[in-house]
Undergrad: 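Structure below; questions to follow.
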There are 2 protein chains.
Amino acid sequence: MNKKITITDLAELLGTTPGTVSRALNNHPAISDAMKKKVHALADKMHYKRNQIASSLRLGKSYTIGVLIPSADINFFGSVVHGIESVANENGYRTLLFQTNEGYKSEMEGLEALLSAHVDGVLVSIAKETKDYGHFTAARDIGMPLVFFDRAKEGLDISSVVIDDFNGAFLATEHLIEQGFKKIAHIAGQQHIKAFHDRFNGYKAALKKHKLPFKKQWIFDGDVSINSGKQAIDHFFKQKERPDAVFAVEDYSALGALKELKNRKVPVPQEFGVFGFANELFAEHLTPSLSSVDQQTVMMGKEAMSLLLSIIDAKKGQPACKSIILNPLLYTRESSQRLSNHQSI
Amino acid sequence: MNKKITITDLAELLGTTPGTVSRALNNHPAISDAMKKKVHALADKMHYKRNQIASSLRLGKSYTIGVLIPSADINFFGSVVHGIESVANENGYRTLLFQTNEGYKSEMEGLEALLSAHVDGVLVSIAKETKDYGHFTAARDIGMPLVFFDRAKEGLDISSVVIDDFNGAFLATEHLIEQGFKKIAHIAGQQHIKAFHDRFNGYKAALKKHKLPFKKQWIFDGDVSINSGKQAIDHFFKQKERPDAVFAVEDYSALGALKELKNRKVPVPQEFGVFGFANELFAEHLTPSLSSVDQQTVMMGKEAMSLLLSIIDAKKGQPACKSIILNPLLYTRESSQRLSNHQSI
DNA sequence: TTGAAAGCGCTAACAC
DNA sequence: GTGTTAGCGCTTTCAA
């Protein structure tokens, strides 16, 4: 087992000094080409790897970005992380992922861990459980560059990249209306999460624009799960006046609704339309395939990372808190489309 | 923007020395309780965070584990990472994720990056593209603890945690046979990947045990994608003698097969059975739901991480290359079950 | 163009 | 129980 080899080792072997080796490896302009060539050759031969830890300590920069996500399980976040990493790697940064599992305590610990790792910045998608944001403002106050993505909190003077949830919900609901559905229900998410709240508002706005009735009984307060989708259908079908379509706050609820509708042998979309949100991987593979709002996940990751880099680079310049709002994309599939071309599968 | 606060700052404020502060923070037994209390109180008050970088440099240990995965997109890996992180966090380790996107070059760069980050060990699931393993043996040779999970390569003297692919495939095929299917085809994966090769062999062994015919025309060489599943069905249905069921090397191929069968209006499972492998999230949500072999993902992650920790701790002791083989679990669902209880959805 | 030397923040062996 | 000191590997100012 070879021990780790350092610039000092290289310097000794070459009869020069660590300083010179360091400069040669970093292509410092004041070093002769001959020396650079010698150093690089030996470094390769000895499989020298720069000790990033020592380098980071000296430079006061870790070239590492922390990412706090609720769960790497969900396709959505996996996809955003793809976007994040592509931009990060292009710019010589690494990413340190931390999963909060939607927990508040876990989120605080994660942030703590990232700060302790002296990351150069943090990207975070807020956990569902979180209702207090002190840990974020504290991080901001000690000058840690921070950007929220997807799940953001306003009023904290922290930059964010989100999609236009209001508009996505509005368009999805409007699509259902255009397909001839007239009694449209909504499976809601936890309202303290801005995205879910905005989607609720977008839904209401679409109803209003088209002069369709909004009924309290047609709103089901779910918790973003397959189960709450099932319960929602149960609930709706108990009403004297049943809805004929539902816009679900995200795809798992929509999936639960589809399952329960299938269970009750209600034909979708002929007698009941369903629209989801998130465009999870499974949406297009269901039968009927699930219409959903795509959140531009990869682009969201890229934008968030780019924004974070700009904050890191500016630093002393303008911190200028910035909100980027991406446009959602409608994927209309079988579950909502009853007028024209039903493409199978 | 407060500047970062260090133990030296704390020491000055307390009229003591950095050494004492360090010991107090680390709960060194030789430090008085009074001093510990004072130090901890001030540290809290000043929001002191230990500089892990400096600590790592000094200790020659980063308490970070590198994880090389083909893609965080795929549910399978997300789930394994869950298992990895739970054990890692319990033991005071962090994880640094690196996605290879199935690429050989990307895998080498990733490993390089992890070595440079001076991680204490690396968990890797080999990229599909990889056919040369020199980067792994090189890492092993410089004493970097290494454990393969899921996609392993034998004969490198590197520990691994995999599931029993042979047995999983054997059981799945046998299940199809028990359901009365007699002409069972196989959608194969790239055969240089051991897992896929083993599954092929398990399939053949089950046929042999039950004295069913093995036909070359009933093997489709796919590339693990929805598309190759579709092409496989195309291929099978061109044969003079058509198969009546298929065991697919993994779920995406199985999904493609299901889609193409639906397209051709072939009733599944009545006229054609389908069995997948991996138990991806979507499998249970398809119509018909897809039978699949579950790979014990979370347990795989936990086992791999535990094994890696034991290697890190042993270090000079016996490196004792160890192979852990987990047992797969069969999830029989609608796509293969034509004898008894079809539970709907 | 290169060498010498200091220091990033932390820890631990050695003193007292 | 606490202070002193050296050093992890790297970068960079200053000097030559």
Undergrad: How close or far is atom P of dG9(D) from atom CD1 of Ile53(B), stated in whole angstroms?
TA: 16 Å
Undergrad: Establish whether the base of dT13(D) is bridged to the side chain of Arg58(A) by a donor-acceptor pair shorter than 3.5 Å.
TA: no
Undergrad: When the distance from CG of Leu59(A) to P of dG7(C) is rounded to whole Å, what number comes out?
TA: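 Interatomic distance, CG of Leu59(A) to P of dG7(C): 17 Å.
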Undergrad: For His28(B) and dA12(C), give me the distance from atom NE2 to atom P, rounded to whole Å.
TA: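 Distance, rounded to whole Å: 9 Å.
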Undergrad: Please state how far atom CD in Gln52(B) lies from atom C1' in dC8(D), giving the value in whole angstrom units.
TA: 16 Å
Undergrad: Any side-chain N or O of Ser55(A) below 4.0 angstrom from OP1/OP2 of dT11(D)?
TA: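 Yes, because at least one side-chain N or O of Ser55(A) sits under 4.0 Å from OP1 or OP2 of dT11(D).
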Undergrad: With sugar-phosphate meaning primed atoms plus P, OP1 and OP2, does Gly19(A) contact a base, only sugar-phosphate, or nothing at under 4.0 Å between heavy atoms?
TA: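 Base contact.
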Undergrad: Whole angstrom is fine here: how far is it from OH in Tyr48(A) over to P in dG9(D)?
TA: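 The answer, rounded to whole Å, is 10 Å.
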Undergrad: Closer than 4.0 angstrom, basic N to acidic O: yes or no for Arg151(B) and Glu102(B)?
TA: yes
Undergrad: Could you tell me how far apart Lys61(B) (NZ) and dG7(D) (C1') are, to the nearest whole angstrom?
TA: 20 Å
Undergrad: Please determine, for the side chain of Thr20(A), which listed nucleotide (dC10(C), dT2(C), dT12(D)) has the closest atom?
TA: dT2(C)
Undergrad: State which of dG3(D), dC10(D), dT1(C) makes the closest approach to the side chain of Ser32(A).
TA: dT1(C)
Undergrad: How long is the line joining NZ of Lys49(B) and P of dC10(C), in whole Å?
TA: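 One finds 12 Å between P of dC10(C) and NZ of Lys49(B), rounded.
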Undergrad: Which nucleotide in the set dC10(C), dT2(D), dC10(D) lies at the smallest distance from any side-chain heavy atom of Asn51(B)?
TA: dC10(C)
Undergrad: Establish, with yes or no, whether the OP1 or OP2 oxygen of dG3(D) is under 4.0 angstrom from a side-chain nitrogen or oxygen of Thr17(B).
TA: yes
Undergrad: Check the phosphate of dT2(D) against Thr16(B), side-chain N and O only, distance under 4.0 Å to OP1 or OP2. Yes or no?
TA: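 Answer is no, no contact under 4.0 Å.
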Undergrad: Identify, between Pro18(A) and Ala30(A), the residue whose nearest nucleotide on DNA chain C lies closer to the 5' end.
TA: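 Here Ala30(A) is the residue nearer the 5' end.
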Undergrad: What closest approach, in Å, do Gly121(A) and Leu308(A) show between heavy atoms, and which atom pair accounts for it?
TA: C-CD2, 3.9 Å
Undergrad: Does Lys322(B) pair with Glu303(B) as a salt bridge, N-O distance under 4.0 Å?
TA: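 The answer is no: the pair does not qualify as a salt bridge.
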Undergrad: Can you check the Leu57(B) CG to dG9(D) C1' distance for me, whole Å?
TA: 6 Å
Undergrad: What is the nucleic acid contact for Arg23(B), judged by heavy atoms within less than 4.0 Å: base, sugar-phosphate only, or nothing?
TA: base
Undergrad: Closest-nucleotide mapping onto DNA chain D: is Met35(B) or Ala54(B) further toward the 5' terminus? I mean the 5' end.
TA: Met35(B)
Undergrad: For Tyr48(A), run the side chain to side chain contact (heavy atoms under 4.5 Å, CB included) check against Val21(A), Asp9(A), Ile7(A) and tell me which one passes.
TA: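 Running side chain to side chain contact (heavy atoms under 4.5 Å, CB included) over Val21(A), Asp9(A), Ile7(A) with Tyr48(A) returns exactly one hit, Ile7(A).
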Undergrad: Report which part of the nucleic acid Ser56(B) touches: base, sugar-phosphate, or nothing (heavy-atom distance under 4.0 Å, all strands).
TA: nothing
Undergrad: More than 12 foreign heavy atoms under 6.0 Å from NZ of Lys105(B): is that the case here?
TA: no
